Number of protein chains: 2
Amino acid sequence: MSNNQFKRGELYSVINGMASTAVARRLQKNFRQAGLDITIEQWSILYHLWKEDCLNQQELCNRTFRDKPSITRLIDNLEKQKLVKRMPSKTDRRINLVCLTDAARELQHQTIDIANDTMNEALQGIDREEIEVVKQVLQRVYDNLT
Amino acid sequence: MSNNQFKRGELYSVINGMASTAVARRLQKNFRQAGLDITIEQWSILYHLWKEDCLNQQELCNRTFRDKPSITRLIDNLEKQKLVKRMPSKTDRRINLVCLTDAARELQHQTIDIANDTMNEALQGIDREEIEVVKQVLQRVYDNLT
DNA sequence: TGAAAATAGTTGCATAGCTAACTATATGTC
DNA sequence: GACATATAGTTAGCTATGCAACTATTTTCA
């Protein structure tokens, strides 16, 4: 096979594995070192609820790019840890609203600095315009496939 | 919290979730539609072996950014499907060399077009320089954290 | 109004991820 | 040569992911 044929595969490798894995692991490690018993996946759910509380599960699917069973189980685990509570919607009985507890609101203050520090570390030496390009390209990749 | 405080988190969200999930799912779907019973994770192992056969497991860890137990199980599953074979190294008895079978070599031809088509679809409307920026930024993110 | 289609969420099953603890072999040093 | 240390790989336990099939509601429309 020519080298050319592997260019795309290599890019797949880059987009899919490397950076995201490294960032995720570092963030997880930094949470743990701060004594916070929370996974980055759980954090990413809380992150969206901190921006807008009491989203339903489908909305969390859309915003986190996960499927419904994944959200069901993440919410199960977050409920076990008393960080969120499922509240049945009054207008549509199919819907669960996922609402933050006080404990989760407290967690926001504990994690936001860790997340910012981690991303600053990850983005060291990369300038604003490059970051902008990455965001736009990844957004377009996503749009191309959905 | 100010909007500013969430900029980094948002970028994390973008790098970590969106594009990579979308590409992975599409690739998986395209494999399945072609009747290929293989996961993208398994494919990514084969991808490295097609470039260089008979790597040991630790080397596969390094090249795929996975940890050792993950590789152990991926190789377990690939062996079950008769796509690779563990060969004990003759010079160092701690080491397994992971070598392709004929079936896996055949699979290369069946999957390479699917992978290329998928990446072309994903990268539609994105020009070469932008792709270059993304690759370099993600590489630097990785380097910053390792 | 009543049957079909759409939507929200759950459950079962398989794969994959991470950490920690473990075995086995190899290396380095006194 | 022997003991400490490093390295390769495996196992166990938990969380997370994806798909398919399922239940329960709501909406659509003939």
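Quick caveat, the model's predicted, so the values are computed rather than measured. Below, chains carry the letters A, B, ... as their sequence lines are ordered, and counting in each starts from 1. Only heavy atoms go into these numbers, but all of them, side chains included; no hydrogens, no water, no symmetry mates.
Distance CD (A/Glu79) to C1' (D/dT15): 17 Å, rounded to an integer number of Å. For the pair B/Leu97 CG and D/dG9 C1', the interatomic distance rounds to 13 Å; values are reported in whole Å. Atoms CG (A/Leu46) and P (D/dA16) sit 11 Å apart, rounded to a whole Å. B/Gln58 places its CD atom 13 Å from the C1' atom of D/dT10, with the value rounded to the nearest Å. If you measure from atom CZ of A/Arg94 to atom P of C/dA6, you get 13 Å, rounded to the nearest angstrom. If you measure from atom CG of B/Asn30 to atom P of D/dC19, you get 12 Å, rounded to the nearest angstrom. Between B/Ile75 atom CD1 and D/dT11 atom P the separation is 14 Å, expressed in whole Å. Atom CZ of B/Phe31 is separated from atom P of D/dG18 by 16 Å (rounded to the nearest Å).
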Original post:
Which parts of nucleotides 15-23 of chain C does protein reach within less than 4.0 Å, heavy atoms only, written one letter per nucleotide 5' to 3' as B for base, S for sugar-phosphate only and - for none?
Top reply: SSBBBB---

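At a cut-off of 3.5 angstrom, the base of C/dT25 holds no donor-acceptor pair with the side chain of B/Arg93.
In this model, no donor atom of one side chain and acceptor atom of the other lie less than 3.5 Å apart for A/Asp92 and A/Ser89.
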**OP:** Carefully, step by step, assess B/Thr72 and B/Gln57 under the rule side chain to side chain contact (heavy atoms under 4.5 Å, CB included).
**Re:** CA-CA 7 Å; B/Thr72 293; B/Gln57 295 188 202; 3.6 Å; yes

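Residue B/Gln57 places none of its side-chain N or O atoms closer than 4.0 Å to OP1 or OP2 of D/dT7.
Nearest-nucleotide assignment on DNA chain C puts the 5′-proximal partner with A/Asn96, out of B/Thr91 and A/Asn96.
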